[in-house]
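Note sheet for the following structure.
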Amino acid sequence: MAEQTKECRHGLIAIYARQYEMQDWLVAACRRRGYATAWLHGRQPVRVEGASALVFDFEGELDAELGQLDRWASTLGRVPTIALVNFPRIGDEARLRTGGVRAVLSKPVLLDDLYCELDRLTGRDVA
């Protein structure tokens, strides 16, 4: 039996992750919280409209992936972005924020931290 997706009540989250396992984990986490998701990847063009936020998984070197972040941010209309980074340094965080990133989370990501930032950036009130 196919898994049914809950009705989206809280917005669309665009997810950029090169690794399927990370994308799958982020999709499951977002859907559990009531968000719809769209996976962005470089293999084929994807058209996404109305995204509430972008979650961007930095897998490798920051410098190597900043261009990709900028391309997706431009395509999506400069939506609030959450960057997931391996051991971010103060300089990394400052560079990302200069590039428009609104939140930087260190990997491995804690679900509560991800939910807090998603809810904050999308304006969702959580009781």
Side-chain angles (χ1 to χ4, degrees):
M1 178 184 285
E3 179 182 344
Q4 293 183 356
T5 304
K6 293 181 182 178
E7 178 186 336
C8 172
R9 296 181 307 269
H10 304 300
L12 174 65
I13 306 301
I15 298 170
Y16 177 83
R18 288 190 292 164
Q19 297 296 318
Y20 175 77
E21 293 79 10
M22 184 62 159
Q23 175 269 339
D24 190 47
W25 183 81
L26 288 166
V27 164
C30 289
R31 288 186 179 169
R32 202 171 311 127
R33 193 67 167 185
Y35 294 101
T37 60
W39 182 23
L40 312 175
H41 51 83
R43 286 183 227 125
Q44 45 185 271
V46 178
R47 183 175 171 167
V48 176
E49 294 180 359
S52 302
L54 166 62
V55 176
F56 192 96
D57 178 38
F58 281 88
E59 185 177 296
E61 290 294 317
L62 226 53
D63 291 331
E65 295 190 63
L66 283 172
Q68 185 74 346
L69 171 62
D70 190 51
R71 282 189 290 284
W72 281 115
S74 295
T75 300
L76 296 170
R78 300 289 176 195
V79 298
T81 300
I82 300 170
L84 310 179
V85 182
N86 287 319
F87 308 106
R89 296 170 295 209
I90 293 171
D92 294 340
E93 187 168 344
R95 281 191 4 227
L96 288 166
R97 289 190 185 274
T98 300
V101 170
R102 301 272 299 279
V104 178
L105 297 177
S106 180
K107 295 194 292 185
V109 177
L110 299 176
L111 274 177
D112 286 342
D113 293 343
L114 178 63
Y115 290 155
C116 179
E117 292 301 338
L118 283 171
D119 294 344
R120 180 179 70 84
L121 294 177
T122 61
R124 178 178 175 203
D125 289 328
V126 180

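Model, not experiment: these values are computed from the prediction.
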So, taking the atom named [atom1] in [X] and the one named [atom2] in [Y], what distance separates them when rounded to the nearest 0.5 Å?
X    : Y   : atom1 : atom2 : value
L76  : L54 : CG    : CG    : 6.0 Å
D24  : I15 : CG    : CD1   : 9.5 Å
L84  : E59 : CG    : CD    : 11.5 Å
S106 : D92 : OG    : CG    : 10.5 Å
L69  : S74 : CG    : OG    : 9.0 Å
R95  : E93 : CZ    : CD    : 12.0 Å

Notebook entry, point to check: Counting N and O atoms only, with roles assigned by atom type, does the side chain of T122 sit under 3.5 Å from a partner on the main chain of R120, one being a donor and the other an acceptor?
Noted result: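 Flag not set: sc T122 to bb R120 has no pair under 3.5 Å.
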Notebook entry, point to check: Short question: side chain of R102, backbone of I82 - any donor-acceptor pair under 3.5 Å?
Noted result: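 Judged by distance alone, no pair lies under 3.5 Å.
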Looking at side-chain heavy atoms only, is the closest gap between [X] and [Y] below 4.5 Å?
X    : Y    : answer
L26  : T37  : no
K107 : F58  : no
Q19  : D57  : no
E117 : L105 : yes
I13  : R33  : no

Notebook entry, point to check: Looking just at side-chain N and O atoms, do S52 and Y35 make a donor-acceptor pair shorter than 3.5 Å?
Noted result: no
Check: Is any NZ, NE, NH1 or NH2 atom of the basic residue among R78 and D70 found under 4.0 Å from an Asp or Glu carboxylate oxygen of the other?
Finding: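 A salt bridge links R78 with D70.
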Checklist line | In one Ile/Leu/Val/Met/Phe/Trp/Tyr side-chain cluster, 4.5 Å: L110, L114 | finding: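 No, no single cluster joins them.
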Next item on the list: Kindly assign one of parallel, tilted or perpendicular to the pair Y16 and W72, based on the angle between their ring planes and the thresholds 30° and 60°.
Entry: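 Ring orientation of Y16 relative to W72: tilted.
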Looking only at heavy atoms, what is the nearest atom pair of [X] and [Y], with distance?
X   : Y    : answer
C30 : L118 : SG-CD1, 3.9 Å
E65 : G60  : OE2-N, 2.6 Å
V79 : A53  : CG2-C, 3.8 Å

Notebook entry, point to check: Does the pair F56 and V101 meet the rule for a side-chain contact (heavy atoms from CB on, under 4.5 Å), with working shown?
Noted result: CA-CA 9 Å; F56 192 96; V101 170; over 6 Å; no
